[in-house]
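Inspection log for the structure reproduced underneath, given as structure tokens.
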Amino acid sequence: MTLTTTAPAVPWGDALGQDDAVAALRRAATDPQQLAHGWLLTGPPGSGRSTLALAFAAALIAEGEHDVATMKQVLAGTHPDLTQLRTEGVIITIRQARDIVERSYYAPSVGRYRVIVVEDADRMTERTSNVLLKALEEPPEQTVWVLCAPSEADLLPTIRSRVRTLRLRELEVDDVARLLVERTGVDAAVAEQSARHAQRHIGMAQRLATDEASRARREETLRDVLRVRGIGDVVAVAGRIVQAANDDAKALTAERDEAERAELLRTVGVADGAKVPPAVRSQLNALKDDQEKRAKRSVRDGLDRVLTDMQSLFRDIALLQLGRTEGIINAEYIDEMRETAERWAPGRALTVLDHLSETRDALGHNVQPTLALESLLITIVSGRKP
């Protein structure tokens, strides 16, 4: 697939490789007969669901493609007729859902429509989804809902039946690499490697391309996994993976946490270094709770990235066992993977891949990460699930 630039730069310029979806949404934004009041954008992580949702919101709220100032305000997330729900916790809470449902009944203040964008709609529990049902069934005439999720199967049938679904396409590695070079100026070889290792996930590829430490952590983890031979290795490697995920989460959240705390104190008039009044402590405690939830999700997301990297590794090994080299993701480790493929019995890589999926599910149910990873690594060592 080749990227095209048929759509104008604003608001569709960042919706790369999604020409069919862009065309459908552009028509809907200009023709009321084609506009549904509930939409579901699905596609794999990194396919641009949130980017396209925001572009659609900009086109709906603006007075037309000439109204660039309004569209830029929507894209910046500051327009009063745009409501975005981005959860930084493990799930979208009922309280968050009720808040956006309430806002969905407000008339647009200055734009043509009020648009509610729900990112990670797959993080809604059944009870939370039910909160949205009434609003999706009978939305106000000038309110449009845009939900984003990896697939239709991630949402309840009752939600799916009330929205129009658009499935997004994955970009090719070369397309993502070219985008990285254009956006960041990184070397073409680094861009290609990052796009391949991120499996075409734009956000993850950009992080790998611009953060040498992230690339080093990924390499160290995969080489550790390839070298695991006994129980002693299992315990050590599992511990290092969890520690790296925690360190990564702290690095990503610590500076932001401190900035948020300082901003809150400034907002309520507490000078730097001054004693915090009792009336403000409850607000600080609430902020701390939110930050802890965000940190918990950050750790979980970090572990999920490790599992995704491991999945790519054992997928490559399975391909090599079948005598295939096309589409290898981790070409840098081809010699080690060939050695493993030759040493292992047929089907062993598939057993590991199966356990990887189970480990991801277990972490989603709050199983202790170190124990879950140790169990997975034992399967890698032995070829059998514990």
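If you read the sequence from its start, that first residue is 1, and numbering goes on from there.
- Shown here for Ala62 and Asp67, the closest heavy-atom pair between the two residues is CA-OD2, 3.7 Å.
- With hydrogens and angles disregarded, a donor-acceptor distance shorter than 3.5 Å links the side chain of Arg114 to the backbone of Tyr106.
- The residue from Thr165, Ile159, Val146 that alone fulfils the side-chain contact (heavy atoms from CB on, under 4.5 Å) condition with Leu40 is Thr165.
- In this structure, Ser375 contributes its side chain and Ala372 its backbone to no donor-acceptor pair below 3.5 Å.
- Residues Ser194 and Ala205 approach most closely at CB-O, 3.5 Å, considering heavy atoms.
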Query raised in the report: Given Arg360 and Thr308, is the side chain to side chain donor-acceptor pair (under 3.5 Å) satisfied, shown in steps?
Result: CA-CA 9 Å; Arg360 179 173 275 116; Thr308 299; 2.9 Å; yes
Report task. Take Arg223 and Glu332, measure what salt bridge (Lys or Arg N to Asp or Glu O under 4.0 Å) needs, and give me the verdict at the end. Result -> CA-CA 11 Å; Arg223 292 201 181 280; Glu332 293 76 12; over 6 Å; no
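- For the residue pair Met71 and Gly64, the shortest heavy atom distance occurs at CE-O, 3.9 Å.
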**Report entry** Test log, rule side chain to side chain contact (heavy atoms under 4.5 Å, CB included), inputs Leu147 and Leu41
**Finding:** CA-CA 6 Å; Leu147 313 181; Leu41 305 184; over 6 Å; no
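- For Arg26 (side chain) and Ala59 (main-chain N/O), no donor-acceptor pair under 3.5 Å exists by modelled atom type.
- At least one donor-acceptor pair closer than 3.5 Å links the side chain of Arg348 to the backbone N or O of Ile380.
- Evaluated for a side-chain contact (heavy atoms from CB on, under 4.5 Å) with Glu374, the options Leu377, Thr370, Leu376 yield exactly one hit, Thr370.
- Side chain of Arg229 to main chain of Leu226: a donor-acceptor pair is present (N/O by atom type, distance under 3.5 Å, no hydrogens or angles).
- By the 30° and 60° cut-offs, the orientation of the rings of Phe56 relative to Trp39 is perpendicular.
- Across Ala191 and Val186, no two heavy atoms sit closer than the pair CB-CG2, 3.8 Å.
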Report task. Let me see the working for Thr143 and His37 under side chain to side chain contact (heavy atoms under 4.5 Å, CB included), right down to the final yes or no. Result -> CA-CA 7 Å; Thr143 294; His37 286 272; 5.5 Å; no
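- Of the possible polar contacts, one joining the Asp154 side chain to the Ser151 backbone as a donor-acceptor pair under 3.5 Å is found.
- A donor-acceptor pair under 3.5 Å links the side-chain atoms of Thr78 to the main chain of Gln73, judged by distance alone.
- When all heavy atoms are compared, the tightest approach of Ala209 to Val190 is O-CG1, 3.9 Å.
- In the displayed structure, Lys385 atom NZ is contacted under 6.0 Å by more than 12 heavy atoms of other residues, nucleotides or ligands.
- The main-chain N or O of Arg27 is found under 3.5 Å from a side-chain atom of Thr30 such that the two form a donor-acceptor pair.
- Between the side chain of Arg240 and the backbone N or O of Thr221, no donor-acceptor pair lies under 3.5 Å.
- Within the 3.5 Å criterion, the main-chain N or O of Arg300 finds no donor-acceptor partner in the side chain of Asp304.
- Taking all atoms of both residues into account, the shortest heavy-atom contact from Ala55 to Pro11 is CB-O, 3.3 Å.
- Atom CZ of Arg343 has more than 12 neighbouring heavy atoms from other residues, nucleotides or ligands inside a 6.0 Å radius.
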